[in-house]
**Student:** 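So that we are looking at the same thing, I have put the structure below in structure tokens.
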Amino acid sequence: LPSLAIHHQPEKHPDRSIPDPHQDTFSKNVLGFWMYLMTDCLLFGALFCTYAVLHNGTFGGPTSRDIFDLNIAFVETMILLLSSVTCGLAMLSAVKRRTNAVKAWLAVTFLLGALFVAIELTEFSMLVQEGNSWKRSAFLSAFFTLVGTHGLHVSAGLLWILVMIGQFFYWGLTVDTFRRLTIFSMFWHFLDLIWIFIFTFVYLMGVI
Amino acid sequence: MSGNHELNLNETLNEWHGSLKSYLIGFILSLLLTIASFGLVITRLLQGPALVVTIVGLALTQAIVQVLFFLHLGKEAKPKWESVTLYSTVATLLIIVIGTLWIMYDLNNRVMPGM
């Protein structure tokens, strides 16, 4: 990159005893996507803070104790955890070059993810029908924003799975499809990680 | 510059660090930690601040478990840029979270007393 090299003084005696492995497209993409996930962490961190601050601003409306159902939250948690594992099984099948197993595990992951989104949407629509939408209070605005942002991420992931299955049908296992699958698996595991904090800070602490 | 060395499929597959064992360990630990969290809250074995501290601890433990066994952090070759990025993100997160809770919670209480 000569345009960048103008301002860069190369080291006189660079240490080449440890070669930097991040030279190929795979490593660069994985690292770059990891950095995106880290910025997404900051986004969710800000939303969690907003929720924590506004949690008691119920404005005469329902509190978290009145509206949260731990059974639903537990089922959602289990579904997302299972889908994280099936996503990992898709990766393991890819490493063993079993393309059909990759498609099958991706399909299972999709079904579990779709079930998760369906349960979440049912929960949201029940709240809205009872008059407890995001317009009701600051607490509910923060709740819908935080949990809804996570749900949007999962929905984007669902679309991504469909594209991945299509690519595996069309191209099979190649350097490119494997790289995309790897990055998708990072995204999916990351969403499961964020959910840990949602079920703890929103649902469990909401009923204590 | 040392140039771009592109990997073939075999080399790319070897770049990935997951294994069935790590997924099984991650899954079982996550399952146990989740059941412990929900169980403690439903049965009320603990009360008040002790309960809150315990489930937050369980959540942080599960987050670390998933980062290690699902996202395979720390398995990449040196220099470990992913770990470095994570540490700087955690530092930024702590500043955001602690700063927000400290300042905004205090402001909120002063501006809207009794809410």
Side-chain angles (χ1 to χ4, degrees), chain A residues 1 5 16 18-27 30-31 34-35 38-39 41-42 45-46 48-50 52-54 56-59 70 73-74 77-78 81-82 84-85 88-89 91-92 94-95 97 173-175 178-179 182 185-186 189-190 192-193 196-197 199-201 204-205 207-208, chain B residues 1-9 11-16 18-20 22-24 26-27 30-31 33-35 37-38 40-42 48 51-52 55-56 58-59 62-63 66-67 70-71 76-79 81-82 85-86 88-90 92-93 96-97 99-101 104-105 107-108 112 115:
Chain A
L1 292 171
R16 299 210 187 280
I18 305 170
D20 192 331
H22 304 88
Q23 307 276 356
D24 55 288
T25 311
F26 181 85
S27 305
V30 167
L31 179 59
W34 177 265
M35 287 182 182
M38 293 299 104
T39 61
C41 256
L42 297 180
F48 273 108
C49 287
T50 313
V53 171
L54 298 177
N56 291 323
T58 51
F59 199 59
L70 281 192
F74 185 72
T77 307
M78 285 298 122
L81 180 59
L82 265 182
S84 216
V85 175
L89 292 174
M91 282 300 295
L92 289 167
V95 170
R97 295 171 180 253
L173 182 68
T174 67
V175 173
F178 180 73
R179 187 182 66 238
T182 308
S185 80
M186 290 163 67
H189 293 318
F190 171 76
D192 194 20
L193 192 89
I196 300 172
F197 293 101
F199 83 67
T200 302
F201 286 107
L204 289 179
M205 282 173 65
V207 299
I208 288 176
Chain B
M1 303 298 282
S2 55
N4 284 330
H5 166 65
E6 286 307 331
L7 308 175
N8 61 31
L9 182 57
E11 290 167 323
T12 309
L13 296 181
N14 284 331
E15 278 284 292
W16 189 69
S19 68
L20 184 61
S22 83
Y23 276 106
L24 283 179
F27 175 61
S30 298
L31 196 66
L33 290 163
T34 304
I35 291 172
S37 286
F38 277 88
L40 278 175
V41 173
I42 291 169
L51 181 55
V52 173
I55 63 168
V56 171
L58 288 170
Q62 185 171 173
Q66 294 204 1
V67 164
F70 287 173
L71 286 166
E76 62 172 335
K78 283 183 180 175
W81 292 122
E82 287 185 18
T85 326
L86 178 75
S88 69
T89 307
V90 169
T92 316
L93 260 182
I96 292 177
V97 171
T100 306
L101 292 184
M104 291 306 294
Y105 208 78
L107 269 180
N108 203 31
M112 309 194 79
M115 294 277 316

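Hydrogens, waters and symmetry mates are skipped; everything else that's a heavy atom, side chains included, is used. This is a predicted model, so every value here is computed, not measured.
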**Student:** Highest number of heavy-atom pairs under 4.5 Å with chain B: which of A/Met186, A/Met205, A/Arg97?
**Tutor:**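 The option with the most such pairs is A/Arg97.
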
**Student:** Determine whether B/Thr12 and A/Arg179 make a side-chain contact, defined as any pair of heavy atoms from C-beta on separated by less than 4.5 Å.
**Tutor:** no

**Student:** Which value, rounded to the nearest 0.5 Å, describes the distance between A/Leu173 atom CG and B/Leu9 atom CG?
**Tutor:**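 Here the interatomic distance stands at 5.0 Å.
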
**Student:** Do A/Ser27 and B/Glu15 come within less than 4.5 Å of each other through their side chains, counting heavy atoms only?
**Tutor:** yes

**Student:** Once rounded to the nearest 0.5 Å, what's the spacing between atom CG of A/Leu204 and atom CD1 of B/Ile55?
**Tutor:** 5.0 Å

**Student:** Could you pull out all residues at least two apart from B/Leu101 that satisfy side chain to side chain contact (heavy atoms under 4.5 Å, CB included)?
**Tutor:**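 Per chain and number, B/Leu101 pairs via side chain to side chain contact (heavy atoms under 4.5 Å, CB included) with A/Ala52, A/Val53, B/Val97.
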
**Student:** How long is the gap from OG1 on B/Thr89 to CE on A/Met35, to the nearest 0.5 Å?
**Tutor:**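 Rounded to the nearest 0.5 Å, the OG1-CE separation comes out at 9.0 Å.
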
**Student:** The criterion is side chain to side chain contact (heavy atoms under 4.5 Å, CB included); which residues satisfy it with B/Leu86, sequence neighbours excluded?
**Tutor:** A/Trp34, A/Met38, B/Leu73, B/Val90

**Student:** Got B/Phe70 and A/Leu193 here, is their nearest side-chain heavy-atom distance under 4.5 Å?
**Tutor:**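 B/Phe70 does not reach A/Leu193 side chain to side chain.
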
**Student:** Out of B/Ile96, B/Leu40, B/Thr92, B/Leu71, return the one with the most heavy atom pairs under 4.5 angstrom to chain A.
**Tutor:** B/Leu71

**Student:** For a 4.5 angstrom cut-off between non-hydrogen side-chain atoms, does A/Asp24 reach B/Glu11?
**Tutor:** no

**Student:** Which one, A/Ile208, A/Thr50, A/Thr174, leads in non-hydrogen pairs under 4.5 Å with chain B?
**Tutor:**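 The option with the most such pairs is A/Ile208.
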
**Student:** For the interface with chain B, which of A/Cys41, A/Gly45, A/Cys49, A/Ala73 has the highest count of heavy-atom pairs at distances below 4.5 Å?
**Tutor:** A/Cys49

**Student:** Looking at every non-hydrogen atom in both residues, tell me the closest pair between B/Ala59 and A/Thr200 and how far apart they are.
**Tutor:** CB-OG1, 3.3 Å

**Student:** Between A/Ala94 and chain B, which part of the residue has a heavy atom less than 4.5 Å away: side chain, backbone, both or neither?
**Tutor:**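 Looking at A/Ala94, just its backbone touches chain B.
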
**Student:** Select, from A/Val207, A/Thr77, A/Asp192, the one with the greatest count of heavy-atom pairs under 4.5 Å involving chain B.
**Tutor:** A/Asp192

**Student:** Any side-chain heavy-atom pair from A/Ser84 and B/Tyr23 closer than 4.5 angstrom?
**Tutor:** no

**Student:** Quick check for you: to the nearest 0.5 Å, what is the distance between B/Ile42 atom CD1 and A/Leu70 atom CG?
**Tutor:** 5.5 Å

**Student:** Below 4.5 Å from any heavy atom of chain A, which atoms of B/Asn8 appear? Answer side chain, backbone, both or neither.
**Tutor:**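 B/Asn8 touches chain A through backbone heavy atoms alone.
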
**Student:** What part of A/Phe48 gets closer than 4.5 Å to chain B, counting heavy atoms only: side chain, backbone, both or neither?
**Tutor:**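 For A/Phe48, there is no contact with chain B at all, as no heavy atom is under 4.5 Å.
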
**Student:** Find out whether B/Gln66 and A/Leu81 are in side-chain contact, i.e. whether some heavy atom of one side chain is under 4.5 Å from a heavy atom of the other.
**Tutor:**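 B/Gln66 reaches A/Leu81 side chain to side chain.
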
**Student:** Could you grab the distance from atom CG of A/Leu92 to atom CG of B/Leu20, nearest 0.5 Å is fine?
**Tutor:** 6.0 Å

**Student:** When you compare the side chain of B/Leu7 with that of A/Val175, does any pair of heavy atoms fall below 4.5 Å?
**Tutor:**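 Of all side-chain heavy-atom pairs linking B/Leu7 with A/Val175, none is under 4.5 Å.
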
**Student:** What is the ring orientation for A/Phe178 with B/Trp16, classed by angle as parallel under 30°, tilted 30 to 60°, or perpendicular over 60°?
**Tutor:**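 Answer is perpendicular, since the angle exceeds 60°.
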
**Student:** Enter the distance from A/Met91:CE to B/Ser19:OG here, rounded to the nearest 0.5 Å.
**Tutor:** 12.0 Å

**Student:** Heavy-atom distances under 4.5 Å only: say whether B/Leu33 touches chain A with side chain, backbone, both or neither.
**Tutor:** neither

